[in-house]
Amino acid sequence: MSRASRAVTPFETTNVGNGMADDYEMGNKPYGAAFNTARAHVAEGVDGDDDLVATMPKAGGSVPEGYPTRRRKIDSRDSVASSVSSSAAPATGNILDRLARHKREKMISAQGRLNPCTHATTHPDKDPENTTPDAGSPKRQFLLALPLLAIMGGFIAIVCLGAGRFHESEYGIGWRALSHAQPFAMTLVGDPTVVSTKLVLPPWEEQAIDYSTGVYEMMPTQGYRRRLASLNAAHKRLGQMLAMPYASSRSLLSSSKVEIDATSLPVLQIFVCQNLTGAASPADFTPIAPASTCGYKADASVDCVITQKNVVRVDASLPCYIVVRILAPSSASEPELTASVYIEPTQMGTFGLYKEWIALCIVGLVLLGIAFEVFNRTWVAFCGAFMMTGLLMIANITPDLHTVLSWLDFGTLGLLFGMMVIVGQLQRTGVFEVMCAMCLRASKGNLLYLTLYLCLITAFLSAWLDNVTTVLLMIPMTTAVFHAMDRDPVPLLIAQAMLSNVGGTMTMIGDPPNIIIGNELRNTIGFIDFLENLAPGVLIAIPFALLTLVLLFKKELTGRVDDFDRIIGIVDKAKIKDWALFWNCIFVVGGVVLGFLLHPIHHLNPAWIALVGALVLVLRVERHDAHAVLHAVEWDMLLFFAGMFIMVEGAMELGLIRKIAAFLTLIIDTAPVASQQIAAIEVILWFSAIFSALLDNIPYTITMVPVIETLAASNPNLSLPVLAWALAFGACLGGNGTLIGASANIVTVGLAEKDGHHISFVKWLYAGVPVMVVTVAVANVYMLVRYGI
């Protein structure tokens with residue numbers, strides 16, 4: 001019996017949604033004010049209308065004033081299944097009926113149910129007749145709230161007691177000019193057990209000076225637009241600048257002695273000392289701890305953090321000093337060399353001996369909080385960020401708000417925001433429902449074929465777009481397909497996210513770690529090198545990853561689709577709902593994708609392209625309604641990313657990641673000389689995979705690039721490109737291990753929850769660890785065969 005001819009008994013509890021709208025359009029109009037209210041909610045897209053329930057009279061009747069309401073628990077998935085599989089009631093509705101129901105499940109369980117007749121919110125676990133919560137006595141609630149007063153009071157007390165540490169230094173106050181005769185020296189007051197010194201060295205070529213006039217020369221990165229008249233003479237330098245933009249790099253330092261020759265760039269030496277001999281210059285003071293060094297680069301700034309531990313005063317009556325001096329010979333043709341450097345020393349006392357371990361404990365607590373879902377993962381990330389910044393304060397490293405905000409990866413956040421806005425507009429066109437029909441018809445009712453199609457498309461797109469953009473485009477289509485079949489899409493969503501990480505490993509622009517490696521080592525490896533060296537390994541790993549996922553989710557990803565012909569009859573009715581918006585979206589998406597593909601030419605951060613595309617689109621289609629546009633942005637996801645970025649960068653400031661890198665360097669250096677290349681491949685590949693699964697792979701990659709540069713420069717048995725490929729394979733493939741291992745994972749989980757499908761940390765771990773181990777093992781064998789044997 002069709003919906004139009006279905007009899008509605010008096011006071012029957014009826015699901016109000018798009019199916020109800022179909023009844024209204026087909027003749028059952030006199031439902032009264034109650035239906036009009038529910039219809040308005042559906043039209044406005046109110047979350048939770050899946051369980052909007054109303055008591056409806058017979059067709060043609062009216063709603064009696066004050067009539068009683070009888071409720072029952074409605075499972076939207078059961079109603080969808082019954083509409084498909086029941087032979088007595090052939091489906092005549094639109095696929096949007098099902099999509100609307102599934103989309104609102106999560107909000108239903110969290111917010112309760114709204115009765116459109118009474119506009120009252122109720123909860124399924126409470127008496128429907130008593131919707132007012134038990135507030136308890138005011139005195140009891142006051143006592144229960146007292147811990148919050150204690151927490152806020154403690155926070156204010158800590159802020160007041162530590163007022164001396166909360167200060168924002170004047171901008172640029174740490175910049176110094178060093179020379180042989182005038183080194184930097186600062187007295188250390190108090191316990192010198194652990195002293196950490198942060199150095200920022202600008203690119204050396206930007207300090208070039210015309211010694212005949214004493215005037216600094218303008219280098220290619222400075223004001224080249226003002227020198228258009230001289231472009232003919234400088235076109236080669238300008239082209240070099242456009243091809244190789246400057247970038248910052250972190251440096252892991254060793255305390256070994258550095259030999260300086262007349263052709264090398266200057267090197268800074270840092271040491272803690274006392275004036276035991278009565279020397280006149282700080283450069284001649286007696287070191288009481290091993291010295292460390294940090295060298296300039298020709299075309300990139302260098303960020304060094306030097307930590308000197310277990311410093312003991314030789315003479316307790318004399319003060320200690322931190323001294324930074326320049327090590328470089330003065331040639332006959334140049335006056336005494338002068339260099340600029342940013343210096344920020346910090347005394348940590350005995351606490352500095354344990355700061356890395358405490359930071360590791362905080363990271364572990366955050367991972368456990370996310371795994372066991374103690375709170376929403378966004379709040380867990382924020383707790384981790386605040387605990388890490390509190391630990392920095394204890395270590396006398398109190399960052400100001402500007403510094404903390406600089407730890408955010410605005411490239412990732414901007415890319416997510418822009419693509420969320422674009423995809424939100426694209427969803428309104430109905431294109432994902434049309435693509436859903438095409439995928440279902442191509443699969444011919446075989447779930448395995450459907451899985452292979454969607455996963456391979458995702459892997460291919462991730463190689464040429466970035467994996468975050470790919471999942472933002474693919475996940476809505478996958479969700480639409482599985483909602484049409486009334487199946488749980490979570491297994492395939494997990495599979496697609498993992499294939500996006502695997503496919504993104506293939507090219508320089510496919511995954512953020514590859515972008516970092518390519519930019520930092522641009523003088524050594526290029527875009528084509530990524531394809532030649534990584535693509536074969538990825539193409540071998542993809543079948544193994546798919547096989548692993550199909551075996552893990554055999555029940556969900558294999559077999560035949562029930563009532564396939566009936567479902568095809570439903571989805572084939574899907575069509576583009578707004579052709580004007582569709583073509584606007586297609587042109588903008590095409591421009592954005594083209595901009596991503598041309599990244600090796602323009603080197604512009606993909607976030608700019610996504611943001612410009614989003615702005616152009618909304619100015620065209622929604623220039624007066626910002627709320628409707630921003631409703632598509634997953635703000636909790638962006639805040640989760642922000643909290644994780646701050647926590648991980650705080651751990652980096654405390655030296656946790658540098659300690660990990662130093663440990664890996666020690667393992668490689670202790671291996672036999674003949675097998676150091678193999679040892680380096682094994683150590684960097686597997687440890688990178690493990691740490692990328694536990695931490696965000698972006699800051700880990702930033703830290704490890706200078707490490708592999710130092711290893712290759714100091715050991716002739718090691719090849720820098722080979723170490724770079726091992727790092728790329730480990731950082732990208734290791735991101736599959738946990739839910740927080742890669743940005744694409746978090747985006748997938750957020751989009752799934754938006755549609756009412758929860759993916760827990762443990763469920764991701766169930767598939768993530770096997771896929772990570774299998775793909776990394778395949779990459780390991782590939783690298784040993786190609787480079788190590």
Side-chain angles (χ1 to χ4, degrees), residues 448 451-467 470-471 474 491-515 517-518 529-553 557 678 681-693 697 701 721-738 741-745 748 764-789:
L448 180 59
T451 299
L452 294 178
Y453 293 157
L454 294 176
C455 287
L456 291 176
I457 291 173
T458 302
F460 176 78
L461 291 178
S462 293
W464 304 104
L465 308 177
D466 63 279
N467 51 10
T470 300
V471 297
M474 291 296 298
L492 187 52
L493 296 183
I494 295 175
Q496 283 184 285
M498 293 181 181
L499 264 295
S500 74
N501 293 325
V502 176
T505 312
M506 193 181 308
T507 65
M508 176 181 165
I509 61 175
D511 215 0
N514 285 5
I515 298 175
I517 295 171
D529 297 316
F530 276 86
L531 274 176
E532 291 179 350
N533 293 273
L534 296 182
V538 171
L539 293 176
I540 297 172
I542 286 177
F544 287 92
L546 285 171
L547 178 62
T548 304
L549 288 164
V550 169
L551 292 177
L552 290 172
F553 299 112
L557 300 181
I678 296 177
I681 292 174
E682 298 290 332
V683 170
I684 294 176
L685 178 64
W686 284 101
F687 276 89
S688 297
I690 293 172
F691 290 122
S692 293
N697 54 15
T701 306
V722 173
L723 301 185
W725 309 141
L727 177 60
F729 273 126
C732 296
L733 300 180
N736 282 328
T738 64
S743 302
N745 304 356
T748 300
W764 190 285
L765 210 64
Y766 168 76
V769 172
V771 171
M772 181 191 76
V773 171
V774 169
T775 53
V776 174
V778 171
N780 190 3
V781 174
Y782 164 75
M783 291 200 68
L784 289 178
V785 171
R786 182 162 181 174
Y787 309 108
I789 299 178

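These numbers come from the heavy atoms of this one structure, side chains and all, not from hydrogens, waters or symmetry mates. All residue numbers refer to positions in the sequence shown, counting from 1.
- Here the CG atom belonging to Asn736 is positioned 10.5 Å from the OG atom belonging to Ser692, to the nearest 0.5 angstrom.
- In terms of the side chain to side chain donor-acceptor pair (under 3.5 Å) criterion, residue partners of Ser688 (sequence neighbours excluded) are, by chain and number, Tyr700.
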Show your working on side chain to side chain contact (heavy atoms under 4.5 Å, CB included) between Met783 and Val722 and close with a plain yes or no.
CA-CA 8 Å; Met783 291 200 68; Val722 173; 4.1 Å; yes

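- Note that OH of Tyr453 is 9.5 Å distant from CD1 of Ile457, once rounded to the nearest 0.5 Å.
- Checking Val538, Ile540, Val502 one by one against Val778, the side-chain contact (heavy atoms from CB on, under 4.5 Å) holds for a single residue, Ile540.
- With sequence neighbours left out, Asn533 forms a side chain to side chain donor-acceptor pair (under 3.5 Å) with Trp725, Tyr787.
- Between Leu765 and Gly737 the shortest heavy-atom distance is CD1-O, 3.5 Å.
- The shortest heavy-atom contact between Ala731 and Thr701 is CB-OG1, 3.7 Å.
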Working for side chain to side chain contact (heavy atoms under 4.5 Å, CB included), residues Asn514 and Thr507
CA-CA 7 Å; Asn514 285 5; Thr507 65; 5.8 Å; no

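- Residue Thr748 comes nearest to Ala497 through the heavy atom pair OG1-CB, 3.3 Å, listed as atom of the first residue, atom of the second, then distance.
- The minimum heavy-atom distance linking Met474 with Gln496 is given by the pair CE-NE2, 3.6 Å.
- Side-chain atoms of Thr458 and Ser462, non-hydrogen and from C-beta on, do get closer than 4.5 Å to each other.
- Within 6.0 Å of CZ on Phe460 lie no more than 12 heavy atoms contributed by other residues, nucleotides or ligands.
- Interatomic distance, Asn780 CG to Thr775 OG1, rounded to the nearest 0.5 Å: 11.0 Å.
- Side chain of Tyr782 to backbone of Ala541: no donor-acceptor contact under 3.5 angstrom is found.
- Atom CD1 of Ile542 sits about 13.5 Å away from atom CG of Leu547, to the nearest 0.5 Å.
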Working note: Asp529 + Met508, criterion side chain to side chain contact (heavy atoms under 4.5 Å, CB included); need CA distance, chi angles, decisive distance, verdict.
CA-CA 9 Å; Asp529 297 316; Met508 176 181 165; over 6 Å; no

Verify side chain to side chain contact (heavy atoms under 4.5 Å, CB included) between Asn745 and Asn501, making sure each step is shown before the conclusion.
CA-CA 9 Å; Asn745 304 356; Asn501 293 325; 2.9 Å; yes

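- With rounding to the nearest 0.5 angstrom, the CG atom of Leu727 is 12.5 Å from the CD1 atom of Ile681.
- Between Leu685 and Ala779, the shortest heavy-atom contact is CD2-C, 4.3 Å.
- Listed here is the closest heavy atom pair of Thr505 and Phe729: CG2-CD2, 4.0 Å.
- Atom CE of residue Met506 and atom CZ of residue Phe530 lie 13.5 Å apart, to the nearest 0.5 angstrom.
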